[in-house]
Amino acid sequence: MEDMIPCALKDQEVFQRVWQRVMAGRSEDSSPIQPGPVGGGDVSCECLKDLLRQDGGGLPQSCRPGGDAVPPVQPPSPPEAPPMEEAPAPEPPTKTCPPTQGLPPQNGGNWGGDLPPLWEEPQGGDDRAARLRRHVMDALEGWQFYRHLARRARGTDARALNSLAGELHSHARKLSAAYFLLTGLRYWPTEMLGAPAIPSYWGALRSRHQAEQRQETAFRLAADDWEDPDMLEMYGELADACQQRCRRLRALLEQSV
């Protein structure tokens with residue numbers, strides 16, 4: 001029957017009993033809620049339940065007569081940081097070329113576009129210059145001869161002949177450089193070279209052996225016209241190289257027998 005009584009009426013009648021059970025040993029005057037007239041309803045059922053749960057800790061302020069509910073204190077939320085603006089992507093560094101003022105333009109090859117003039121016939125003057133031109137041409141013809149002869153050989157013979165061709169090409173460059181130092185003109189007549197006549201392999205080795213002997217003699221005679229130590233040294237080296245090639249040609253013939 002008691003459960004059928006509205007909560008606002010029955011809490012006035014049972015409050016003292018509940019208070020004495022919860023707050024045993026305390027006086028009635030210490031009760032935070034004093035009974036009022038029936039039907040006054042100065043506490044709600046929810047507040048009474050809260051009182052029972054607190055086990056005598058006192059009625060919350062929001063449940064007292066005339067009290068206002070105090071919202072729970074919320075910790076202050078941290079201020080929102082302003083949105084960060086995306087920094088613009090750095091531009092790639094531009095490659096700066098060093099200043100080229102005062103530098104000549106580069107035009108192909110190792111000559112840098114500053115080629116000396118070519119020798120053109122007729123050209124009179126020093127006999128030494130004419131002799132150097134003849135030596136350059138002889139060396140280039142020997143280089144061409146050995147290259148073509150190497151195509152007729154095989155194995156070690158072909159490698160030996162190609163090596164001889166390389167030597168003569170290097171000697172032609174030495175002689176051409178000496179000619180430029182003497183005259184200030186270029187002489188490299190490779191356009192005048194033709195295919196050598198090679199009737200037979202053995203005959204070609206013999207004719208080239210004779211040509212090397214003649215060239216050795218020409219170099220030793222040419223050295224007599226010079227007092228320059230560099231030219232004397234160059235002609236001595238070229239003459240000794242001719243002698244060594246004669247020995248190697250003889251060795252090729254001996255291996256072919």
Side-chain angles (χ1 to χ4, degrees), residues 109-112 114-119 121 123-153 156-196 198 201-256:
N110 296 329
W111 296 96
D114 188 20
L115 290 173
L118 282 168
W119 173 85
E121 292 190 51
Q123 179 77 22
D126 196 348
D127 291 339
R128 295 180 302 179
R131 189 178 293 113
L132 277 172
R133 290 197 300 272
R134 181 67 257 170
H135 293 164
V136 172
M137 192 65 190
D138 288 342
L140 288 175
E141 288 177 347
W143 165 65
Q144 186 82 327
F145 190 93
Y146 282 126
R147 289 174 60 208
H148 281 76
L149 187 59
R151 298 173 184 173
R152 306 269 304 260
T156 57
D157 289 1
R159 288 192 292 272
L161 292 169
N162 281 322
S163 176
L164 294 175
E167 287 182 10
L168 280 177
H169 190 269
S170 176
H171 292 170
R173 292 170 65 92
K174 280 186 177 182
L175 292 163
S176 181
Y179 181 78
F180 173 74
L181 291 175
L182 178 64
T183 65
L185 301 172
R186 286 185 296 144
Y187 186 70
W188 191 252
T190 52
E191 71 281 355
M192 299 174 62
L193 297 176
I198 303 178
Y201 180 72
W202 277 35
L205 290 177
R206 178 175 181 272
S207 64
R208 192 60 220 171
H209 185 275
Q210 293 173 349
E212 294 290 353
Q213 288 179 329
R214 291 193 301 268
Q215 196 63 49
E216 178 187 358
T217 302
F219 285 151
R220 297 196 186 279
L221 291 174
D224 295 338
D225 296 336
W226 290 88
E227 296 180 358
D228 188 328
D230 291 338
M231 294 298 297
L232 292 174
E233 182 181 2
M234 184 193 71
Y235 274 124
E237 291 177 355
L238 294 177
D240 292 342
C242 289
Q243 194 174 72
Q244 292 175 7
R245 283 193 294 272
C246 286
R247 296 194 186 99
R248 293 165 69 181
L249 289 170
R250 186 182 299 109
L252 288 176
L253 283 169
E254 291 172 358
Q255 294 172 5
S256 300

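Note: hydrogens, waters and symmetry copies are ignored here, and every other heavy atom, side chains too, is used.
Within the model, atoms CG of L168 and CD of Q144 stand 11.5 Å from one another, a figure rounded to the nearest 0.5 Å. Here the CG atom belonging to L249 is positioned 8.0 Å from the CZ atom belonging to R208, to the nearest 0.5 angstrom. One finds the CG atom of D228 at 10.0 Å from the CD atom of E233 (value rounded to the nearest 0.5 Å). In this structure, CG in L182 is found 11.0 Å from CZ in R131, a value given to the nearest 0.5 Å. How far CG of N162 is from OH of Y146: 12.0 Å, rounded to the nearest 0.5 Å.
The environment of Q255 atom CD is dense: over 12 non-hydrogen atoms of other residues, nucleotides or ligands sit within 6.0 angstrom. Few gaps surround CZ on R152; more than 12 heavy atoms of other groups in view lie less than 6.0 Å from it.
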>> Is there a side chain to side chain contact (heavy atoms under 4.5 Å, CB included) between L132 and T183? Walk through the geometry before answering.
In response: CA-CA 11 Å; L132 277 172; T183 65; over 6 Å; no
> Would L181 and D230 count as a side chain to side chain contact (heavy atoms under 4.5 Å, CB included) if you check the C-alpha gap in whole Å, the side-chain angles of each, and the deciding distance to 0.1 Å?
Replying inline: CA-CA 11 Å; L181 291 175; D230 291 338; over 6 Å; no
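Here the side chains of L149 and L164 are not in contact, with every heavy-atom distance at 4.5 Å or above. Side-chain contact between M137 and L193 is present, with heavy atoms from C-beta onward closer than 4.5 Å. Side-chain atoms of Q215 and F219, non-hydrogen and from C-beta on, do get closer than 4.5 Å to each other. Taking the side chain as every heavy atom from C-beta outward, L175 and L238 approach each other to under 4.5 Å.
Aromatic ring centroids of H209 and W202 lie 6.0 Å or more apart.
With W143 as the aromatic partner, R147 meets the cation-pi criteria of under 6.0 angstrom to the ring centre and within 45 degrees of the ring axis.
No side-chain donor-acceptor contact under 3.5 Å links S170 to the backbone of G166. Distance alone, capped at 3.5 Å, places no donor-acceptor pair between the S176 side chain and the A172 backbone.
The aromatic rings of Y235 and W226 sit tilted, their planes meeting at an angle between 30° and 60°.
The minimum heavy-atom distance linking A204 with S207 is given by the pair O-OG, 3.0 Å. Residues R133 and Y187 share a closest heavy-atom pair of O-CE2, 3.3 Å. Pairing each heavy atom of R248 with each of A160, the nearest pair is NH2-O, 4.1 Å. Shortest non-hydrogen contact noted between A223 and L232 is O-CD2, 3.0 Å.
Not counting sequence neighbours, the partners of D138 by the salt bridge (Lys or Arg N to Asp or Glu O under 4.0 Å) test are R134.
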List, one per line, each side-chain donor-acceptor pair under 3.5 Å for residues 240-247, sequence neighbours excluded.
residue, atom, partner, partner atom, Å
D240, OD1, R220, NH2, 3.2
Q243, OE1, R247, NH2, 3.4
Q243, NE2, E216, OE2, 3.3
R245, NE, E212, OE1, 3.0
R245, NE, E212, OE2, 3.0
R245, NH1, E167, OE1, 3.4
R245, NH1, H171, ND1, 3.4
R245, NH2, E212, OE1, 3.2

